[in-house]
Amino acid sequence: MLGFSVYLGETFDELYIETMLNHGFKYVFTSLQIPEENSELYFDRLKALKLLVGDKAEIIA
C-alpha cells in the first residue's frame, strides 16, 4: 500500500500526481488542519483533487 501527500494550500502538480498514480500509489494524503493555510478553500480544493485522482486512488485527510 503506497501513498503520497498533496497540500491543499499549494497549486497541484498534476504531472507529479499522475506519475504517482501511474506507479501504483493508491492513497493521497492531505491535511485539513494547517493553520497557515486558508481553510475556506479546502472544500473546493478537495473537489479539484478528487477530479484529478478520479477512482485511481483514495484521498485520506
Side-chain angles (χ1 to χ4, degrees):
M1 297 177 18
L2 300 171
F4 61 98
S5 294
V6 173
Y7 297 94
L8 299 177
E10 298 177 3
T11 303
F12 296 141
D13 182 343
E14 294 182 29
L15 179 60
Y16 169 75
I17 293 171
E18 279 297 316
T19 300
M20 299 305 273
L21 295 173
N22 290 336
H23 281 88
F25 286 70
K26 298 294 182 193
Y27 299 95
V28 181
F29 304 104
T30 194
S31 176
L32 302 175
Q33 299 180 13
I34 300 175
E36 55 273 2
E37 291 183 353
N38 182 355
S39 62
E40 294 178 13
L41 301 177
Y42 283 167
F43 186 68
D44 290 335
R45 300 289 291 160
L46 277 172
K47 288 193 299 187
L49 181 59
K50 179 59 181 166
L51 286 175
L52 282 173
V53 171
D55 59 358
K56 295 180 184 177
E58 289 184 48
I59 298 172
I60 298 175

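- In the hydrophobic clustering of ILVMFWY residues, with side-chain heavy atoms under 4.5 Å counting as a link, F29 and V53 come out apart.
- No side-chain heavy atom of M20 sits under 4.5 Å from any side-chain heavy atom of K56.
- There is no path of hydrophobic side-chain contacts, each under 4.5 Å, that joins F25 to M1.
- Under the 4.5 Å side-chain criterion, counting only non-hydrogen atoms from C-beta, L8 is in contact with L32.
- Cluster membership check: I59 does not share its hydrophobic cluster with Y27, using side-chain heavy-atom separations under 4.5 Å among Ile, Leu, Val, Met, Phe, Trp and Tyr.
- Hydrophobic clustering of Ile, Leu, Val, Met, Phe, Trp and Tyr side chains at less than 4.5 Å, counting indirect connections, unites F4 with L2.
- Taking each heavy atom of V28 and A57 in turn, the nearest pair found is CG2-CB, 4.2 Å.
- Counting only heavy atoms from C-beta outward, the side chains of L49 and I17 approach each other to under 4.5 Å.
- Cluster membership check: Y7 shares its hydrophobic cluster with Y16, using side-chain heavy-atom separations under 4.5 Å among Ile, Leu, Val, Met, Phe, Trp and Tyr.
- Taking each heavy atom of E18 and L52 in turn, the nearest pair found is OE2-O, 3.8 Å.
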